[in-house]
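None of these values were measured; they are calculated from a predicted model.
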Amino acid sequence: MAGCCSVLAAFLFEYDTPRIVLIRSRKVGLMNRAVQLLILAYVIGCHRACFTEVKMEPPPPWVFLWEKGYQEMDSVVSSVTTKAKGVTVTNTSKLGFRIWDVADYVIPAQEENSLFIMTNMIVTTNQTQGHCPETPEETNVCESDAKCVAGSTGTHSNGVQTGKCVPFNGTVKTCEVAGWCPVESDTLVPKPACLKAAENFTLLVKNNIWYPKFNFSKRNILPNITTTYLKSCIYDAVTDPFCPIFRLGKIVEDAGHSFQDMAVEGGIIGIQIRWDCNLDRATSLCLPKYSFRRLDTRDTDHNVSPGYNFRFAKYYSDPAGTEHRTLIKAYGIRFDIIVFGKAGKFDIIPTMINIGSGLALLGVTTVLCDVIVLYCMKKKYYYREKKYKYVEDYEQGIDSEMDR
Amino acid sequence: MAGCCSVLAAFLFEYDTPRIVLIRSRKVGLMNRAVQLLILAYVIGCHRACFTEVKMEPPPPWVFLWEKGYQEMDSVVSSVTTKAKGVTVTNTSKLGFRIWDVADYVIPAQEENSLFIMTNMIVTTNQTQGHCPETPEETNVCESDAKCVAGSTGTHSNGVQTGKCVPFNGTVKTCEVAGWCPVESDTLVPKPACLKAAENFTLLVKNNIWYPKFNFSKRNILPNITTTYLKSCIYDAVTDPFCPIFRLGKIVEDAGHSFQDMAVEGGIIGIQIRWDCNLDRATSLCLPKYSFRRLDTRDTDHNVSPGYNFRFAKYYSDPAGTEHRTLIKAYGIRFDIIVFGKAGKFDIIPTMINIGSGLALLGVTTVLCDVIVLYCMKKKYYYREKKYKYVEDYEQGIDSEMDR
Amino acid sequence: MAGCCSVLAAFLFEYDTPRIVLIRSRKVGLMNRAVQLLILAYVIGCHRACFTEVKMEPPPPWVFLWEKGYQEMDSVVSSVTTKAKGVTVTNTSKLGFRIWDVADYVIPAQEENSLFIMTNMIVTTNQTQGHCPETPEETNVCESDAKCVAGSTGTHSNGVQTGKCVPFNGTVKTCEVAGWCPVESDTLVPKPACLKAAENFTLLVKNNIWYPKFNFSKRNILPNITTTYLKSCIYDAVTDPFCPIFRLGKIVEDAGHSFQDMAVEGGIIGIQIRWDCNLDRATSLCLPKYSFRRLDTRDTDHNVSPGYNFRFAKYYSDPAGTEHRTLIKAYGIRFDIIVFGKAGKFDIIPTMINIGSGLALLGVTTVLCDVIVLYCMKKKYYYREKKYKYVEDYEQGIDSEMDR
């Protein structure tokens with residue numbers, strides 16, 4: 001009990017602090033500060049180098065350590081809706097004069113974070129289930145039934161082979177298939193693209209973000225934007241950076257590509273919306289930043305299904321009840337709206353962890369300077385004697401004391 | 001070689017520990033503990049304040065430092081499927097008596113993390129490609145062909161102008177367009193919504209989550225839920241918090257809105273599933289938490305395409321082979337299933353980093369107390385003398401010794 | 001001013017370093033190193049145990065502390081496109097001989113991160129709006145009109161009850177509904193699946209990833225892959241781990257399930273692409289890693305809508321203008337392409353934080369050894385005397401000095 005009391009008394013009434021040797025020496029003192037300066041310069045230098053490498057603006061040096069450490073971070077949760085506008089006209093021999101509106105060229109009619117605009121197509125009208133010759137390809141061209149295996153299908157087949165070899169046109173014979181007839185012939189992609197006027201269509205992107213940890217939400221239609229402005233504005237990185245209405249041609253151009261080239265075989269464009277928010281500052285400074293990037297890198301070496309296309313069909317039924325369909329191989333640009341970003345807010349825990357680490361780091365200077373002072377300087381024995389107190393085990397101690 | 005041995009011997013057989021001044025003083029001792037207590041109180045206080053600000057329950061104080069630090073974290077990877085159920089009936093002059101089932105009102109039939117339920121619509125039946133007058137708008141109304149420019153299209157056009165001015169009805173003349181005729185007239189949105197009974201439709205959400213780092217997966221249909229319960233339950237935050245079947249009306253209500261209001265012009269509702277799991281505890285405590293939020297904030301100031309709608313068409317072919325279509329402007333509620341969360345599991349590395357930082361932080365107290373003891377107290381010179389040992393460079397040293 | 005100068009002089013020309021007791025004792029020295037070794041072994045051991053638990057390869061021990069700490073991390077931003085290929089044939093009494101191609105079995109035609117392949121179906125042809133008896137179920141079977149409530153609908157209803165009880169077939173009478181007639185009868189799912197040949201269909205997955213923080217992007221079609229290889233390869237975890245073309249049967253098999261079983265009632269398969277990149281090494285080492293997992297865990301206990309299916313309809317118009325539709329309940333496999341991963345790159349800030357923490361951690365050894373040396377060893381009083389210098393407050397000090 002008494003022991004317990006004395007421990008408590010010691011805990012409350014005693015204070016221990018390390019004993020320090022204070023060396024009054026210009027050389028040593030200046031060296032110490034120089035080492036500290038070098039460490040600091042190295043850290044800032046490395047940090048700047050990193051930022052410069054990825055072509056981003058480095059933060060000012062005074063925030064270098066804390067900026068990263070004093071905030072609790074959270075990743076964005078996002079919801080996107082899109083709406084395209086525009087009509088255009090085509091005049092082809094197959095389809096005649098035809099108007100295309102939103103319901104015609106947006107497929108499917110709605111998606112969550114993405115919008116497909118058809119810019120080009122190969123239409124095969126009036127297909128019915130039946131037997132017909134394949135489109136001539138290396139593996140299909142035949143001279144007799146011997147080359148055609150009943151029931152077989154290849155990777156690019158339009159149907160199941162019947163085993164017969166039939167004339168495709170006056171000169172070529174191909175294997176007959178059971179399938180939707182006549183089969184599609186997709187070797188010639190229309191150029192320029194059928195709906196080349198899609199360049200002038202507009203796209204309204206509505207984006208609502210949420211940082212669950214901070215219960216902070218914001219929209220990309222900023223509160224200070226007026227309805228009048230919204231009705232007439234078109235996004236431009238310099239003049240209208242917060243207008244959420246984009247001209248398709250401008251998006252593709254900003255991504256560094258030509259709309260007319262891309263429209264022919266299709267492709268994917270990422271509309272990237274970055275929401276990096278420092279919630280310690282005013283929320284009005286938390287703004288979306290748009291950028292555009294082509295996502296289907298076109299290597300000339302790897303033209304396995306280049307661009308972006310897919311097939312869909314419209315099914316019809318004739319009065320007799322037989323089904324026929326119009327097969328459309330749709331080429332077009334898929335706009336993927338990619339929302340990302342991080343929000344930070346002051347939080348005591350990461351701050352404390354960083355201060356703790358920072359303080360410990362300062363210890364490195366002392367270690368380094370000690371090494372120099374105690375091992376490299378002329379007066380090292382003198383300083384060592386002042387810093388260290390040598391304690392020997394008594395038994396051994398007396399002997400080793402004698403040895404000296 | 002001998003030098004090497006002696007270094008090894010010193011490394012193995014010597015132990016160094018800092019020398020300490022132990023000040024036996026009630027004043028200093030109590031002050032030291034008080035400073036430590038203040039720092040602790042400040043850290044806990046700030047932390048609580050942060051949590052209170054975002055209206056979350058703060059963790060108990062004793063875990064405050066470690067809770068965040070001792071675990072390795074991972075973000076959720078999720079897969080969602082949805083299934084709506086319900087039928088309703090409409091009786092309009094245009095469409096007559098008509099039953100609507102899942103295949104009619106869910107568009108598209110399946111999406112990855114989202115489900116659109118059509119609640120209202122403007123149907124334009126029997127459109128064919130042709131020439132017809134535009135719906136009267138500021139820019140379309142004309143008196144002579146002079147105002148209509150052949151080939152031009154506006155943002156809200158339904159087709160390409162032919163350059164003629166034709167009567168829209170008995171009193172108004174508008175520019176003629178080539179397009180799908182007759183053009184849609186979407187100025188009057190049906191009110192109340194056509195499919196207002198969608199309020200009672202149900203939505204089954206199946207969600208499977210995975211934390212790749214811990215190879216831990218779980219479903220929102222919990223193992224202790226019986227099939228009988230699933231067949232009859234409806235989600236309720238209080239009575240049935242783990243039932244994965246939602247009544248649409250209840251979802252919208254929980255998000256703080258009126259279903260009937262929202263059904264008219266449509267909107268987006270986020271069904272948020274939060275999976276915050278502490279994998280150090282029993283996995284049965286890792287449970288989904290549902291919340292609902294309207295994602296398309298309706299500002300009265302920014303009613304640029306308010307709500308949520310899109311256009312799609314059903315294409316038909318008449319016996320003569322001409323294509324006609326039914327254009328539907330679908331208003332409705334898109335339910336976005338947003339899954340997020342973090343799992344934590346004890347890991348030695350972040351624990352060690354945190355203990356290290358914590359220890360370093362304790363050093364702050366010593367620094368603070370030292371400042372007070374050595375600079376502010378009456379007996380500062382006495383304490384300083386005990387703590388410091390002044391070492392002068394000899395050459396300079398002797399001189400400066402003299403100066404005293 | 002003079003005071004300010006002297007402070008600056010002290011700051012620049014003085015150097016302070018803690019005074020150390022160096023104990024020359026084999027026992028104490030060895031014990032110190034042993035404690036350090038134990039801490040290190042414990043940290044590495046725990047870390048290995050964690051990795052072994054989740055069946056991952058532990059990193060070599062020498063990187064254990066730094067590996068996690070020296071890098072700035074970023075999460076992946078991804079874009080996916082898919083393309084299925086294959087044709088098959090069905091021969092049923094209802095639909096006759098019929099060929100199925102991509103436009104028939106992929107619904108919807110394109111999605112962002114996902115692809116649905118229909119493998120089985122229940123087709124209800126030629127539905128029109130009208131009155132007809134419900135399919136017999138517990139709640140529908142009736143003997144007189146008394147059991148049928150006009151205007152009511154149940155969870156599984158195909159329409160709205162008219163209140164009449166009509167014969168379903170020769171033996172059973174059910175309540176009449178207004179709806180799409182005849183109603184669907186989905187009690188018998190075709191087995192084996194209609195499109196069982198989908199097992200041999202192939203799926204090309206194109207994936208483009210981006211790490212925004214490092215401005216690093218890569219595709220899953222690696223630069224060293226030739227077009228010839230791409231035209232013929234099929235993914236195999238051992239022989240062709242980087243081929244982006246998958247055989248559907250192989251995917252399901254790799255996920256540990258049978259394709260033919262799964263094809264009957266449908267399901268969800270996750271195609272997981274992991275991009276864990278260490279950007280400090282060559283970018284050619286940053287490679288996608290594919291894995292497959294079934295996401296709709298089938299519990300025998302919870303067969304509430306097992307597998308995966310949805311309903312959609314194809315709408316037709318007969319010459320008289322009445323609409324009819326073919327309702328399809330599509331069972332099939334949805335392939336969700338889930339892309340995840342983290343990239344790390346050396347950054348000075350986390351490195352410094354970790355070094356700081358690590359150094360502070362070394363202090364723990366000193367604390368532990370001090371406790372042993374000063375409280376547990378025989379010569380504790382001798383060592384304590386050397387380490388501590390006791391300073392008493394003078395006033396109290398003299399008194400307490402007397403007390404001894």
Checklist outcome for this item: Here the gap from B/Thr202 atom OG1 to B/Arg247 atom CZ, rounded to the nearest 0.5 Å, amounts to 10.0 Å
Checklist entry - Do the side chain of B/Asn207 and the main chain of B/Asn220 share a donor and acceptor less than 3.5 angstrom apart? => result no
Item to check | Toward chain B, the part of C/Phe310 with a non-hydrogen atom under 4.5 Å | outcome: side chain
Item to check | Residue selection (most heavy-atom pairs with chain B, distance under 4.5 Å) from C/Arg334, C/Glu111, C/Arg311 | outcome: C/Arg334
Checklist entry - Can you say whether C/Glu323 sits under 4.5 Å from chain B via the side chain, the backbone, both, or neither, judging by heavy atoms? => result side chain
Item to check | Distance-only polar pair, side chains of C/Asp370 and B/Tyr15, donor-acceptor under 3.5 Å | outcome: yes
Next on the checklist: Counting only non-hydrogen atoms closer than 4.5 Å, does C/Ile338 touch chain B with its backbone (N, CA, C, O), its side chain (CB onward), both, or neither?
Outcome noted: side chain
Item to check | Which atoms of C/Ile268 approach chain B - backbone, side chain, both or neither, heavy atom under 4.5 Å | outcome: side chain
Next on the checklist: Under a 3.5 Å distance rule, please check whether C/Gln129 uses its side chain to pair with a backbone N or O of B/Ile99 as donor and acceptor.
Outcome noted: yes
Checklist outcome for this item: In terms of heavy-atom pairs under 4.5 Å with chain C, the winner among B/His324, B/Lys85, B/Gln110 is B/Gln110
Item to check | Criterion side-chain contact (heavy atoms from CB on, under 4.5 Å) against B/Tyr381, the qualifying member of B/Lys379, B/Arg384, B/Glu385 | outcome: B/Arg384
Checklist entry - Does the separation of the ring centres of B/Trp210 and C/Phe340 fall below 6.0 angstrom? => result yes
Next on the checklist: Under a 4.5 Å cutoff for heavy-atom pairs, which residue among C/Lys314, C/Arg325, C/Met31 has the most contacts with chain B?
Outcome noted: C/Arg325
Next on the checklist: Can you tell me which portion of B/Val77 sits under 4.5 Å from chain C's heavy atoms? Options are side chain, backbone, both or neither.
Outcome noted: side chain
Item to check | When C/Val160, C/Ile107, C/Leu30 are compared by non-hydrogen pairs under 4.5 Å with chain B, the top option | outcome: C/Leu30
Checklist outcome for this item: Turns out that what part of C/Val177 lies under 4.5 Å from chain B's heavy atoms comes down to neither
Next on the checklist: Determine whether a donor-acceptor pair (N or O, by modelled atom type, separation under 3.5 Å) exists between the side chain of C/Asn309 and the backbone of C/Ala330.
Outcome noted: no
Next on the checklist: Please identify, among B/Leu12, B/Asn113, B/Val21, B/Asn200, the residue contributing the most non-hydrogen atom pairs under 4.5 Å to chain C.
Outcome noted: B/Leu12
Checklist outcome for this item: Whatever's closer than 4.5 Å to a heavy atom in chain B on C/Thr153 counts as side chain
Checklist entry - With a 4.5 angstrom heavy-atom cut-off, which part of C/Asp318 approaches chain B: side chain, backbone, both or neither? => result neither
Next on the checklist: Within the supplied structure, the quantity of interest is the number of heavy atoms (other residues, nucleotides, ligands) at a distance under 6.0 Å from C/Lys289 NZ; does it exceed 12?
Outcome noted: no
Next on the checklist: Heavy-atom pairs under 4.5 Å with chain B: which of C/Gly151, C/Gly179, C/Gly130 has the most?
Outcome noted: C/Gly179
Checklist entry - Where on C/Glu14 is there a heavy atom nearer than 4.5 Å to chain B: the side chain, the backbone, both, or neither? => result neither
Item to check | Toward chain C, the part of B/Thr125 with a non-hydrogen atom under 4.5 Å | outcome: neither
Next on the checklist: What part of C/Arg33 gets within 4.5 angstrom of chain B, counting heavy atoms only: side chain, backbone, both, or neither?
Outcome noted: side chain
Checklist entry - Of the backbone (N, CA, C, O) and the side chain (C-beta and beyond), which part of C/Lys386 lies under 4.5 Å from a heavy atom of chain B, both, or neither? => result backbone
Checklist entry - Would you call the rings of C/Tyr308 and C/Phe116 parallel, tilted or perpendicular if under 30° counts as parallel and over 60° as perpendicular? => result perpendicular
Item to check | Side-chain (C/Lys387) to main-chain (B/Pro18) donor-acceptor, under 3.5 angstrom | outcome: yes
Checklist entry - Hey, what do you get for CZ (C/Phe312) to OG1 (C/Thr326), rounding to the nearest 0.5 Å? => result 9.5 Å
